[in-house]
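Throughout, a chain's letter reflects where its sequence line sits, starting with A, and its residues are numbered from 1. None of the values given here were measured: they were computed from a predicted structure.
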Number of protein chains: 2
Amino acid sequence: MQRPTIKTIAQETGLSIATVSKALKSSPQVRPETRAIVVAAAERVGYELNMHGVQLRTGKTYQVAAIMTAPGPKQQEWEGVEYAQLLSGISWALEDSPYRVSLYAVRNFEESLATIRQIVALKKADGIIVSGTRADDPRIRIMQAADFPFVTYGTTIHNDAHAYVDADNEQMIRRSVARLVERGHRRIALINPLADLSYAITRLAAYRQALDVAGLAFDPVLVAHDRLTPAFGRESVLAMSRLPDPPTAYICANEASALGAFSGFHERGLVHGRDAVINATDDLNVSQYFAPPITTYFLPIHEPSELLGSYILRRMEGEPPEALQALIMPRLIERSDDRVTPKR
Amino acid sequence: MQRPTIKTIAQETGLSIATVSKALKSSPQVRPETRAIVVAAAERVGYELNMHGVQLRTGKTYQVAAIMTAPGPKQQEWEGVEYAQLLSGISWALEDSPYRVSLYAVRNFEESLATIRQIVALKKADGIIVSGTRADDPRIRIMQAADFPFVTYGTTIHNDAHAYVDADNEQMIRRSVARLVERGHRRIALINPLADLSYAITRLAAYRQALDVAGLAFDPVLVAHDRLTPAFGRESVLAMSRLPDPPTAYICANEASALGAFSGFHERGLVHGRDAVINATDDLNVSQYFAPPITTYFLPIHEPSELLGSYILRRMEGEPPEALQALIMPRLIERSDDRVTPKR
DNA sequence: ACAAAGAAGTTAAACGTTTTTATTTTGATA
DNA sequence: TATCAAAATAAAAACGTTTAACTTCTTTGT
């Protein structure tokens, strides 16, 4: 009992395989009645399109490559990136399409570059979704040069226009800083991602602007850049809290680093709300379980991820990249007053 | 400038495509010298095997389906399952093979069942990796009935022998309980995953046995089953801590629920180490940043995940499932004394 | 009534491989 | 040197689909 093909249907209906093929894709070249007959036969024999034939014939792969940069096995630090949810969101957005998500796990930027180069050159996918964008991202130039459909999770600064989805980091930081300033903070630390990531730069710029607006001086010792692990959050607090004029507020770029910051507080004997406060950008919805719960800007990860999925679909259908750009504003969740009792 | 095919090489070398094909896969039917010529030509023209042709011809897909059960968008609770690391571990294990990881995100058990049924029936992959096994798992029966290669992350209890990778939950719980008993605990809570998951059952059984060994009575109110979110950990502590005879130790099945348990402590004014302690099973390496750090059984997730990858490869090559079973014993990391000061 | 145009369907080729079968070449033996 | 088996290579078919080019039939306009 072989799996039925269009040939099976052709025999079944007495039509040619060409007509069957056209009928199944509702070509206008075939009469509605004929089409009905074909569809009925297909149904009857339990026909399912064999993608391998299609792929060979058309050259399309029906794969969307998701490039996931995960640290190697030795660095087992949790970075709090809910890639899983990101991937499932993308996957669900593609659910009703013939496309599948194909995973490319890479260890670092260079590997992602090489991988993308290969996917583009050998056409191993029809579209690419890539995250961890840099200010001037060579991967994007490669894809653009080859006219290859892609969407980034994260903006860029010096690249030509492309499709992207991102949180509105600028607004978020500006408002974060302004809010803390309103509550009396004068020394605000920025726990930022790796310096070459585009959103690190955006956040830093917004931070400086917001300080400017508030009439506060920018102090480079209050800014730290690194991979957003709990260790990094912890180290930052340990270091900054022993400054002569330590920060009274820490803005952490994610929840993993915020958790680490708490660990630093604990180590130093700092009390949240008395000595300093922690704010964060949140996509796991987990900060509410911190002790105490902290104020965050929350962006449920399924929003950007589903957008990424639908954007790549539209991009592969030829929509211009300019139409496929979204900055999503996370919403403020105030879980703490975030004032500190003035130092005596 | 077309992409070179074996035809290109055939013209280049004056050989037939059949010989080229055989030469490239080092068939003994072709002379070493001829093979050398072909390989050189392939190199020269930059030939890369086109999988679509292979797939159509051989019926193999060169895809390994990873079934990932992620909760739907509405349930945005973090479950602490590092699927991302799991997936990347698998992906890396397949790196040097022609296989790719194809992602199937499903919302629940029923969907995973349907998805697996489809993959098996339509041969959309050559192998399947599935997690969240149940005591008697119908998905496994489907794959076994079709003689379809698969590996599970998690054991089963009532199914026929199959390839699996899992943490040694039984040992882990037994030792956990014994250790806590040694430290004077008499009321030990078990914060367990969903009751129908196989490892929930294993853990519960081990827990009961360990209590037995220690001469302690089993009290069902000290056991809770649910999705391992922080919310669940929190609720469990809130509920159990107001029992007439509350637990002095909580064994949490993962770090997400442990984090929630901390949140419950905070809410109730419980102090870790004075009123009760929290232990956990850990695969994110994040418990060290809790305040205070807690004792865990730690299993770096890349170990099981790389094993999953290599097992599925070997399984697809026909190795018998009995040879592909691994229980990994997580290692104890004592970060806290875990005694509690006796209630006065 | 008849050519032209349009509609609906068929034929055949092609995508890049693998593999079965057929053919040629090689080298050893008589 | 002819013969034959073995070794090496070539020819051809097949996997399932799409699509360009062609054929047949129907409709339309003059």
Applying side chain to side chain contact (heavy atoms under 4.5 Å, CB included) to B:Glu111 and B:Asn108, what does each step give before you reach the verdict?
CA-CA 5 Å; B:Glu111 261 192 48; B:Asn108 51 48; 3.5 Å; yes
The test is salt bridge (charged side-chain N to carboxylate O under 4.0 Å, His left out); show your working for B:Arg141 and B:Asp160 and say whether it passes.
CA-CA 8 Å; B:Arg141 284 202 305 275; B:Asp160 293 343; over 6 Å; no
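Side-chain N/O atoms of B:Ser91 and B:Ser88 include no donor and acceptor closer than 3.5 Å. Counting only N and O atoms by type, the side chains of B:Thr61 and B:Asp126 include a donor and acceptor under 3.5 Å apart.
One can place CZ of B:Arg57 at 17 Å from C1' of C:dA14, the figure rounded to the nearest angstrom. Atom CE of A:Met51 and atom P of D:dC15 are 20 Å apart (whole Å). Spacing between atom NZ of A:Lys7 and atom C1' of C:dT10 amounts to 15 Å, rounded to whole angstrom units. Between A:Ile9 atom CD1 and C:dT10 atom P the separation is 14 Å, expressed in whole Å. Look at CD on A:Gln11: it is 14 Å from P on C:dT10, rounded to the nearest Å. In this structure, CZ of A:Arg3 is placed 14 Å from P of D:dC15, rounded to the nearest angstrom. The interatomic distance linking A:Leu24 (CG) with C:dG9 (P) rounds to 13 Å, in whole Å. Straight-line distance from the CD1 atom of B:Ile17 to the P atom of D:dA11: 10 Å, rounded to whole Å.
Taking all atoms of both residues into account, the shortest heavy-atom contact from B:Ser198 to B:Thr155 is OG-O, 2.9 Å.
The side chain of B:Ser21 contributes an N or O atom lying less than 4.0 Å from OP1 or OP2 of C:dT18. At D:dT19, one or more side-chain N or O atoms of A:Lys25 fall inside 4.0 Å of OP1 or OP2 (strictly under the cut-off). Contact annotation: B:Tyr47 reaches the phosphate of C:dT17 (side-chain N/O to OP1 or OP2, under 4.0 Å). Side-chain N/O atoms of A:Thr19 include none lying less than 4.0 angstrom from OP1 or OP2 on C:dG9.
In terms of position on DNA chain C, the residue among A:Leu15 and B:Leu49 whose nearest nucleotide sits closer to the 5' end is A:Leu15. The 5' end of DNA chain C is approached more closely, in terms of each residue's nearest nucleotide, by A:Gly14 than by the other of B:Thr5 and A:Gly14.
Residue-level contact check: B:Lys22 touches the bases, meaning some heavy atom is under 4.0 Å from a base atom.
Using a 4.5 Å heavy-atom cutoff, the side chains of A:His302 and A:Gln85 are not in contact.
Within residues 26-46 of chain A, the residues approached by DNA chain C to less than 4.0 Å at the level of any non-hydrogen atom are A:Gln29, A:Val30, A:Arg31, A:Thr34, in residue-number order.
The environment of CD in A:Glu33 is crowded: more than 12 heavy-atom neighbours from other residues, nucleotides or ligands sit within 6.0 Å.
Minimum atom distance to the side chain of B:Ile6 is reached by C:dT18, of the listed D:dG16, D:dA10, C:dT18.
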